Structure formats: C-alpha cells, structure tokens
2 protein chains.
Amino acid sequence: MLDVAREAGVSVATVSAFINNTARVSPGTTGRIETAIRRVGYQRNAVARSLKLGKTHTIGLTVPHITNPFFTEVVAVITQAFDRAGYAVMLFCTDENLSNQDEQIRLLLDRMVDGLIVARVGDDEAFGNIVRTAKVPIVLIDRLCDGIDLDAVVLDNKAAVFEAIEYLARLGHKRIGYITGETDIATMRERDAGYRAALAARGIAFDPLLVRRGDFHEKDGYSAAMQLMTLPDRPTAIFSANNPMVVGAMKAIRDLGLRCPEDVSVICFDDFPFADVFQPQMTTVRQPVEAIGEQAVAMLLDRINGNAPTDPRRLTLRGRLMIRSSCVAVPAASSEPQSQSA
Amino acid sequence: MLDVAREAGVSVATVSAFINNTARVSPGTTGRIETAIRRVGYQRNAVARSLKLGKTHTIGLTVPHITNPFFTEVVAVITQAFDRAGYAVMLFCTDENLSNQDEQIRLLLDRMVDGLIVARVGDDEAFGNIVRTAKVPIVLIDRLCDGIDLDAVVLDNKAAVFEAIEYLARLGHKRIGYITGETDIATMRERDAGYRAALAARGIAFDPLLVRRGDFHEKDGYSAAMQLMTLPDRPTAIFSANNPMVVGAMKAIRDLGLRCPEDVSVICFDDFPFADVFQPQMTTVRQPVEAIGEQAVAMLLDRINGNAPTDPRRLTLRGRLMIRSSCVAVPAASSEPQSQSA
DNA sequence: TTGTAGGCGTTATCAT
DNA sequence: ATGATAACGCCTACAA
C-alpha cells in the first residue's frame with residue numbers, strides 16, 4: 001500500500017480511504033490510485049487489517065467426521081452460508097477425539113476467528129474452560145454441552161428416535177436391536193431415551209442385550225450387528241444411531257447371509273443421497289440439515305454483529321422419518337423367539 | 001503479552017523468548033512467566049505473529065462440491081494431513097462457478113495463506129492471472145490447468161475410463177451411454193478420450209447420440225439418463241463420469257421402470273462408501289483418494305519449506321476398476337437394436 | 001480533500 | 001540472561 005501511495009503520489013491514508021471508501025477522494029486521485037494499484041499489483045493484506053481492526057472475518061468450524069453424510073451436508077451448508085456473508089471458514093475434523101478438539105479450538109482462538117461453530121465430541125471440562133475464556137461467540141450444533149449454556153441448534157433426538165422405534169413396533173417388531181454411541185454424548189443419551197420410551201409405550205420389555213454401543217465408525221456398526229444377529233434370540237429389526245455404523249451393520253447382515261428387509265428390518269439415523277437409489281431403499285431419520293446449517297450461521301452472525309439477546313438461544317428442530325423399503329412387517333412366526341422355531 | 005510481562009516483572013522480549021524458546025531464559029523467570037501467563041489468561045495472537053513473520057500456517061482449499069463423495073474424502077484426507085502438520089485449512093466450495101472460485105482464491109490470498117490446494121473449475125484466464133501473481137505455492141488436484149504449469153496430482157483419467165469401457169465391451173455391450181461434463185474441463189476431455197479410445201479399440205462406432213453432457217449435478221445425470229434410455233435404440237450400458245450424476249441416472253432408470261443391471265449396466269466414476277452395501281453393488285472407478293490428498297499436501301509442504309525442485313511436479317495416479325454387480329453381460333438378443341426386436 | 005503519526009501484538013536485533 | 005526498540009501493513013484520529 002505504501003508502494004501504491006508512492007506510485008500515485010499520495011499518502012497511504014488516502015489510498016486506504018479510497019480502498020475502503022471511508023472518505024471522499026477526488027476523481028483525479030481516484031484515477032491515479034487505481035492505476036497505481038494495477039501497476040504495483042497491490043493486494044490487500046487481510047492479516048494486517050485484522051490485527052488493526054480486531055476482526056478476521058473468519059470463523060472456525062469443527063465436526064467429528066466430515067465423511068459422515070450428515071456432517072458433510074451441514075459443512076456444505078455452513079461454508080456456503082458464510083461465503084455469502086463474506087466470511088472464510090477454517091475447518092477441522094476432531095475425529096471424535098477430545099484432545100484433538102481442544103487443540104483445534106485453541107488454534108482457532110489463537111487465530112482470532114470471529115466465531116466458532118462446533119459439533120462437539122465427548123464431555124470433558126477442558127472444553128468448558130476454553131469456552132468460558134473465549135472472547136468470541138460460539139454456537140453448538142448437533143450436540144449440546146451439559147455444563148455450559150451456549151447458543152445451539154440441535155435436533156429433538158428423543159422424539160425422532162421415538163418415532164422410528166414406534167414405527168418398527170407398529171410393524172410388529174418386538175425385538176429391536178439398537179446400535180448407538182457412548183453415553184458421554186448428550187445426543188446419544190437423548191436417542192437412548194427415545195428408544196426406551198417407545199419400547200415402554202408399546203409395552204415391549206427393554207432388553208440390554210439388544211443395545212450395542214460403538215464409537216460411530218463403520219467397524220463398530222459391523223461388530224455390533226454381528227453380535228446382535230448371532231444372538232440366540234436375534235432381533236427382527238435394527239436401529240442405528242448414525243450413518244457410518246449402519247454401513248457396517250448392513251455389511252455384517254450381508255456377510256451373515258441374511259437379507260434386509262426379509263430377515264431384518266433396518267432404520268438409521270441421518271439420511272443420505274443414496275438412500276432411495278439402491279435396494280433396499282433405506283428408511284432413515286432425516287435431520288433438516290439445511291435449517292441446521294443456516295440457523296447456526298444466522299445465530300453466530302447475530303452474535304458477532306451484536307444483534308442477539310444476551311441469553312443463549314437454543315433451537316430444537318424436528319427430524320422426519322423417511323419411510324422407504326428397508327423395513328417390513330414381521331411375519332407372525334418370526335416374531336416368536338428363533339429358538340422355538342428351530 | 002504485555003500484561004504477562006508486567007505481571008511477571010520482565011520485558012515482552014523475554015516473554016516472547018520464553019514462549020517460542022528462541023533464547024535461554026533462567027529457571028526463575030521461567031516460573032514467574034508461567035504463572036503470569038496462567039494468571040493473566042494469556043492467549044497467543046497468531047494474527048500479530050503472522051503479520052510479523054509473514055507466515056500464517058494456514059492453507060486454502062477450494063473444491064467444486066464437498067458433497068461429491070470424491071471431494072468429501074479428499075477434503076477429509078487433506079484437512080487431517082494439514083492438521084497433523086500444524087496447519088489450519090480454509091475451505092471453500094466453488095460450486096462449479098468461475099467467479100466464485102476467483103473471488104475465493106483472492107480472499108485466500110488476501111489472508112496470506114501459505115499455500116493453496118485447488119480442484120479448479122472451468123477454464124478462464126482470470127485464474128491464470130491470479131496464479132501468476134500469487135506469491136505462494138499452489139498445487140492442483142483432480143483438474144489440471146491448461147495454460148499454466150503448476151504442481152499437480154491428478155488421475156490418469158483416460159486410462160481409467162478406457163478400462164471401464166473396455167470392461168463393458170468385454171461384457172458384450174456395444175451401445176454404451178456416456179454421461180459426462182463440459183469439455184472446458186481438461187479432466188473431462190481426458191475421460192472423453194478414454195471413452196472413444198476404448199470404443200475404437202473394440203471396433204465399436206462412436207455414436208454422438210450416446211453422449212450427454214451435464215454440469216455434474218444429480219439433475220443433469222437424471223435428464224441425461226432419461227434421454228438415453230428413451231432413445232429408439234437405447235444403450236445397454238451407461239457410464240457416468242461422476243458420482244452425483246449417477247445418482248440421478250439411477251433414479252431415472254428406476255422412474256422408467258427399468259432395472260439395473262437387468263435392463264442396463266451401470267458404471268460410475270468415483271467410488272463411495274455405500275457402493276458395496278446395497279443392491280446393485282455399484283461397479284466404480286476408484287481414485288486413490290488417500291494418495292491424492294497425502295501427495296498434494298506433501299507437495300505443498302515441500303514448496304512451502306523450500307524443499308522442492310523449481311520445476312513443477314506432476315503426479316499422475318492410476319484409478320482402479322472396482323467390479324461389483326451393476327454390470328452384466330448383455331444377452332445376445334438385446335445387443336441387437338431394440339427397434340428390430342420390437 | 002489529503003497528510004502525519006501512533007498503535008494493533010509480535011518477533012528480532014542489538015545492547016546491556 | 002534480559003531489556004529497549006524498530007519493524008510487519010494497516011487504519012484512524014487529528015491536523016492541515
């Protein structure tokens with residue numbers, strides 16, 4: 001910019017005023033500055049600008065796994081929304097790892113991001129401390145944080161799972177396998193509650209043998225389904241609390257020589273682009289990904305611009321059961337224990 | 001940091017020296033500084049640091065669509081690799097839009113990223129100009145740039161498509177529909193060449209009616225397949241040059257009351273997590289996404305650290321045909337023109 | 001309308 | 001081993 005000023009024969013202040021048009025500059029100088037900028041090949045330095053202004057126009061985003069289609073879509077929506085708003089987003093994948101997350105958030109804060117959107121993992125207090133000392137707004141998505149009250153947009157997980165299990169029960173299923181994550185994640189506890197509530201509402205006894213907890217990865221779903229489907233009294237339906245795990249579950253079912261939906265009905269949490277393309281067409285619980293992303297961005301932008309109430313806002317959205325062909329009514333016979341029919 | 005210095009009763013220079021241990025500081029001061037840091041709640045300011053050092057430890061990444069599973073996985077690999085290397089990554093989706101891309105790259109350059117990885121879109125000269133004036137290293141992935149010689153890691157697209165079409169021809173297919181992108185993208189031109197070469201190698205006449213160009217989105221694949229499958233002499237096989245378009249194609253096939261692979265064999269470019277989970281299990285051309293991501297990161301890091309030869313390096317990786325169940329041999333009858341059998 | 005100068009938080013040079 | 005001080009490139013009073 002100094003070069004530009006010299007080249008144009010004016011002062012840096014004038015150049016700055018022109019660039020940010022923060023003050024009127026005469027047509028003559030305007031022209032000289034414009035050509036000077038071109039000649040010098042001037043490029044603004046956002047870093048110096050940020051240092052001075054205390055604003056980076058950058059936000060940080062951390063998600064557990066970007067390859068999980070739910071997060072893929074949310075990330076897509078969020079990056080695009082921020083792009084439109086003139087913000088850049090720094091993306092990190094925590095990989096469900098607590099220390100990764102803490103370190104990444106620290107990094108983001110060091111870089112003076114103007115705000116943070118985090119789909120947090122685990123339940124440690126380090127996160128709480130970070131949040132408390134952070135001077136920038138944070139909005140949580142997908143997973144709440146027990147101790148701390150922050151802006152958040154989440155799903156009514158209990159209701160969503162309730163509806164799915166209810167649907168299965170209506171189809172006559174009484175032994176419903178449930179593949180889920182560890183209970184240190186609030187979202188999972190809510191889904192668990194939905195499962196149990198639906199069972200209770202239908203008068204089906206809760207059988208701890210039917211719930212398997214994994215770490216959200218495909219392999220966890222695989223081994224969970226393996227165990228479930230080799231139980232003496234195996235389930236006639238399986239619900240998976242996330243998408244990667246259902247991939248594993250489907251593979252296990254296939255490897256066991258079983259078929260879906262003939263031998264076992266399957267529902268999973270989170271819709272995905274291929275769900276209605278292949279056979280079976282997977283029945284899923286669809287989260288309103290666009291709304292989640294858009295609302296989270298809007299909330300954060302409101303905070304950044306000081307347009308938000310001081311109290312944290314929590315938005316709870318509803319999921320939607322996308323009924324397709326991966327679930328069928330259980331035949332009268334197979335609703336009986338397998339051991340009897342063998 | 002000034003606060004820390006005051007609190008510890010030392011100078012900022014000493015604090016800085018301690019933090020970056022760029023000089024020996026006595027045990028006594030060390031202790032005082034440490035407690036001061038804690039008491040003050042000091043957090044380093046990476047922006048000021050970047051301004052001074054001329055390095056942001058941040059890189060920019062732009063891809064056409066993050067929801068395309070190929071890019072999802074590449075982005076995942078790249079963000080993780082950079083994370084391990086201590087870099088943050090700013091992610092942008094160009095949405096196949098030239099002006100988006102140019103603007104985003106400009107933004108990234110303003111922010112003084114240390115390097116850029118771009119899966120570029122289109123073929124405009126604005127990009128060339130940006131590249132020429134950029135003072136930071138750039139590595140291209142997936143799509144080359146005609147005019148300019150840059151570090152790049154790409155696929156041998158021609159060979160990959162050749163192998164796929166060859167496979168179809170071996171199965172007896174003579175009318176092979178080809179759904180692809182516009183020819184302004186080098187990658188697509190290479191894939192086209194592979195298609196034509198395979199046809200030629202098998203003595204199959206090229207029929208322009210069988211190639212449909214879209215804009216990479218699902219809807220383009222849908223209408224392309226719709227047109228293809230309602231041709232008087234419709235194809236017995238379809239190859240889709242990307243993944244979102246094959247989703248559309250499969251939906252069109254379904255909506256036409258046709259089945260895959262019984263009525264039409266299908267192959268698509270880019271593997272995806274669900275490919276071998278549902279029916280039909282999709283035969284795909286798998287790109288080595290991990291290698292692409294890792295190598296691109298390594299190349300960029302090499303440049304950043306000055307460990308690279310001055311000549312641009314180009315890495316060309318091989319694709320792999322993942323043969324599953326979406327393609328079958330064409331029955332003798334249906335290899336004849338449909339009009340005759342009707 | 002335009003110029004001067006101070007400071008944003010760091011790091012680096014040179015003294016001490 | 002530690003301190004004073006000058007940049008890094010920009011913005012903004014304030015002055016002219």
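In what follows, chains are A, B, ... by sequence order, proteins preceding strands, each numbered from 1. Keep in mind that this is a model prediction, so the values were computed, not measured.
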Quickly, which of A/N45, A/V47, A/L53, A/L51 forms a side-chain contact (heavy atoms from CB on, under 4.5 Å) with A/R49? Name it, please.
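Among A/N45, A/V47, A/L53, A/L51, the one meeting side-chain contact (heavy atoms from CB on, under 4.5 Å) with A/R49 is A/L53.
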Select one nucleotide: of C/dT4, C/dG7, D/dG3, the one nearest the side-chain heavy atoms of A/K52.
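Given the options C/dT4, C/dG7, D/dG3, the side chain of A/K52 is closest to C/dG7.
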Measure the distance from [atom1] on [X] to [atom2] on [N] and round it to the nearest whole Å.
X: A/K55; N: D/dG9; atom1: NZ; atom2: P; value: 24 Å
X: B/L53; N: C/dT13; atom1: CG; atom2: P; value: 11 Å
X: B/H57; N: C/dT10; atom1: NE2; atom2: P; value: 17 Å
X: A/M1; N: D/dC8; atom1: CE; atom2: C1'; value: 13 Å

Might you list the N or O atoms of the protein lying below 3.5 Å from N or O atoms in nucleotides 14-16 of chain D, with each pair's distance?
none

Here's one to test your reading of the geometry: is the NZ or CZ of B/R143 within 45 degrees of the ring axis of B/F216 and under 6.0 Å from its centre?
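Because its charged atom sits under 6.0 Å from the ring centre and within 45° of the axis, B/R143 does stack over B/F216.
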If the threshold is 4.0 Å, N to carboxylate O, is there a salt bridge linking B/D302 and B/R313?
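Counted as a salt bridge, because a side-chain N and a carboxylate O are separated by less than 4.0 Å.
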Of the residues in residues 44-51 of chain A, which ones touch DNA chain D at a heavy-atom distance under 4.0 Å?
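Heavy-atom contacts with DNA chain D come from A/N45, A/A48, A/R49.
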Heavy-atom contacts under 4.0 Å between residues 13-38 of chain A and DNA chain D, which residues?
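Only A/A13, A/S16, A/N20 qualify.
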Counting the atoms with a prime plus P, OP1 and OP2 as sugar-phosphate, which does B/L2 contact under 4.0 Å by heavy atoms, base, sugar-phosphate, or nothing?
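Nothing, no heavy atom under 4.0 Å.
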